[in-house]
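Beneath this line is the structure, given in structure tokens, with notes to follow.
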Amino acid sequence: MLATKTKPMIVSMGPHHPSMHGVLRLIVTLDGENVIDCEPILGYLHRGMEKIAENRTIVQYLPYVTRWDYLATMFTEAITVNAPEKLTNIQVPKRASYIRMIMLELSRVASHLLWLGPFMADIGAQTPFFYILREREMIYDLFEAATGMRMMHNYFRIGGVAVDLPYGWIDKCLDFCDYFLPKVNEYERLITNNPIFLKRVEGIGIIGKEEAINWGLSGPMLRASGVQWDLRKVDHYECYDELDWQIQWQKEGDSLARYLVRIGEMKESIKIIQQALKSIPGGPYENLEARRLQRGKKSEWNNFEYQFISKKPSPTFKLPKQEHYIRVEAPKGELGVFLIGDDSVFPWRWKIRPPGFINLQILPQLVKGMKLADIMTILGSIDIIMGEVDR
Amino acid sequence: MLNTYTNSSTKIQGRLSVWLANHKLPHRPLGFDYQGVEILQIRSEDWLSIAVALYVYGFNYLRSQCAYDVAPGGLLASVYHFTKIEDNVDQPEEICIKIFVSRQKPKIPSVFWIWKSADFQERESYDMLGISYENHPRLKRILMPDTWIGWPLRKDYIVPDFYELQDAY
């Protein structure tokens, strides 16, 4: 028997490795194929978003925020307007709130889709990537029709949204929902019970319930470890309480569980969108506008609840000397902002709590003792976006 | 000064403040933030024992840790937001802890060994404001390059080689 004992090999994985989802760099110590140690190196996409926020007004800052998590852009805008709104007690009309919910859920679907494709590509199945791009394209078309932009929409405003939904948008969106649900089932038929897929993800990267909480995980990462915690239910923001939907969760805490949670969330999001489209105050834009014209200025259709924005704040909109921490349930987890006002147009401190940054912390612990090829599976199942990790 | 508003309501005691007082744990109530979350000030040297007490009290989730500069040339603050995560809860208890340290010797014990989620966040606070978290396993710059000099999020930070647009020819 010839036994060879070699020294551990140290490999720098990234920042340009295709499965590092952007510019993450891992310094991996390998013993043959086994991972002994792994250290993430961040900061290749650091742009100082928090420093920039300190000398921008909220409206000036809004175009920047879609560059945090550039795949779930609506959520970054939502948190950027929610934090000052709640600090200054600005009411949001119900119609605006519904439009926001629809946009947020569409964005969640888009984000989960662009998680699914690369995740499957990471573990060797290229086909779903083309399928998800086909569906995601339709969501982006819907965004483009409503906001004028596909990714960096700059659509949310303090007090509501920038413009009302255009003619026929609600019908188009309903069509999309009807089209999309069977497509998710198609993905599931293709992927979920596939033995090759199961061999790669089952029991890989297991996170226990206590561990998940202790590491501060949030979103699908937390719910896949058996914690029923969704900020949409916990914090009661926007109008999610008025709709019928369930928290998606799994007990196992492995990569498969995280896959199942995200697939379940896509279906749940479509359910939310369908209900919201049916119960949006004022209905489709053309009806609302026609009724407004017909009944005149004093009609009930001119009421506050049917507006897409409450009073527009002035460019010198000041943040009071107060502070608070506001969060939304983004597709990757809890996206929060700790905002300190200074009785000035600029925030004194604008701390972003990005879900990806905090979910990524557990990676070294998960990959230690696994095989090299499992790094891609585990990293893929964490779902990070370097734009928000590095900010 | 930015912390004047917190002094105005020091008399009102929240639930956790009462609980800490009952157990004779030193702290100072700073009132409530705009969402009604209780803010407590803890001295840096007391922090580790009180952090353990908070964990025992049930705050199992450190949702956010951050730091800010209270005033140019003034104190630095390290802020912790905790909550209790359970299944299907409805608006669970929250708490905000603040620790003020001097600019010259900003030292705070790390809570990494109690809440693992402090790992990257304390490193970021170190990177951006230069607060050193003692006993943190790898306290080094995380977002800025290792060779960077200065603490970017301090209010008296001057950007090196900053190109003033007004100086453009």
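Letters A, B, ... mirror the listed sequences (proteins, then strands); counts begin at 1.
Contact of A:L45 with chain B is not made at all, since no heavy-atom distance falls under 4.5 Å. Only the side chain of B:T83 comes within less than 4.5 Å of a heavy atom in chain A; its backbone stays farther off. Neither the backbone nor the side chain of A:I362 has a heavy atom closer than 4.5 Å to any heavy atom of chain B. Of the atoms belonging to B:Q65, it is backbone heavy atoms, and not side-chain ones, that fall under 4.5 Å from chain A. Interface remark: A:W229 contributes side-chain atoms only to the contact with chain B (heavy atom separation under 4.5 Å). For A:F338, the part lying under 4.5 angstrom from a heavy atom of chain B is the side chain only. Looking at A:E211, there are no atoms closer than 4.5 Å to chain B (heavy atoms on both sides), in backbone or side chain. In this structure, the portion of A:I326 lying under 4.5 Å from any heavy atom of chain B is its side chain and not its backbone. Residue contact with chain B, scored on non-hydrogen atoms closer than 4.5 Å, involves the backbone of A:K233 exclusively. Using a 4.5 Å cut-off between heavy atoms, B:K140 touches chain A through its side chain atoms alone. Proximity to chain B is absent for every atom of A:E210, based on heavy atoms less than 4.5 angstrom apart. The contact between B:E86 and chain A is made entirely by backbone atoms, counting heavy-atom distances below 4.5 Å. Only the side chain of A:H46 comes within contact range of chain B, judged by heavy atoms closer than 4.5 Å.
In terms of heavy-atom pairs under 4.5 Å with chain A, the best-connected choice from B:L143, B:L62, B:D33, B:V37 is B:L143. Comparing A:V227, A:L222, A:L87 by how many heavy-atom pairs each has under 4.5 Å with chain B, the most go to A:L87. Per-residue heavy-atom pair counts under 4.5 Å with chain B were compared for A:L217, A:V389, A:I41, A:L231, and the maximum is reached by A:L217. Among A:H324, A:E50, A:R391, the residue making the largest number of heavy-atom pairs under 4.5 Å with chain B is A:H324. Chain A forms the most heavy-atom pairs under 4.5 Å with one residue out of B:D119, B:I142, B:N60, B:I85, and that residue is B:I85. The candidate with the highest count of non-hydrogen atom pairs below 4.5 Å against chain B, out of A:K209, A:H236, A:K86, is A:H236.
Just one of A:E265, A:E268, A:E334 meets the salt bridge (Lys or Arg N to Asp or Glu O under 4.0 Å) condition when paired with A:R223; it is A:E265.
A salt bridge links B:D69 with B:R103: the closest approach of a Lys/Arg side-chain nitrogen to an acidic carboxylate oxygen falls below 4.0 angstrom. Of the charged side-chain nitrogens involved, at least one lies within less than 4.0 Å of a carboxylate oxygen, so that A:E323 and B:K98 count as a salt-bridged pair.
A:K51 places a side-chain N or O within 3.5 Å of a backbone atom of B:P152 that can act as its donor or acceptor partner.
Other residues, nucleotides and ligands place no more than 12 heavy atoms under 6.0 Å from the CG atom of B:N135.
Ring-plane geometry between A:Y61 and A:W350 is classed as perpendicular, the angle between the planes exceeding 60 degrees on a 0 to 90 degree scale with a lower cut at 30.
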Exercise for review: Take A:K332 and A:E388, measure what salt bridge (charged side-chain N to carboxylate O under 4.0 Å, His left out) needs, and give me the verdict at the end.
Suggested key: CA-CA 10 Å; A:K332 275 126 196 140; A:E388 70 167 5; 5.8 Å; no
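Between B:W19 and B:Y57, the ring center distance clears the sub-6.0 Å criterion.
For the residue pair B:D127 and B:R141, the shortest heavy atom distance occurs at OD1-NH1, 2.7 Å. Residues B:C96 and B:V79 come closest through the heavy atom pair SG-CG1, 3.6 Å.
Between the side chains of A:Y325 and B:E94, no donor-acceptor pair is found at a separation under 3.5 Å.
Between the CD atom in A:Q322 and the CH2 atom in A:W348 there is a gap of 16.0 Å [rounded to 0.5 Å].
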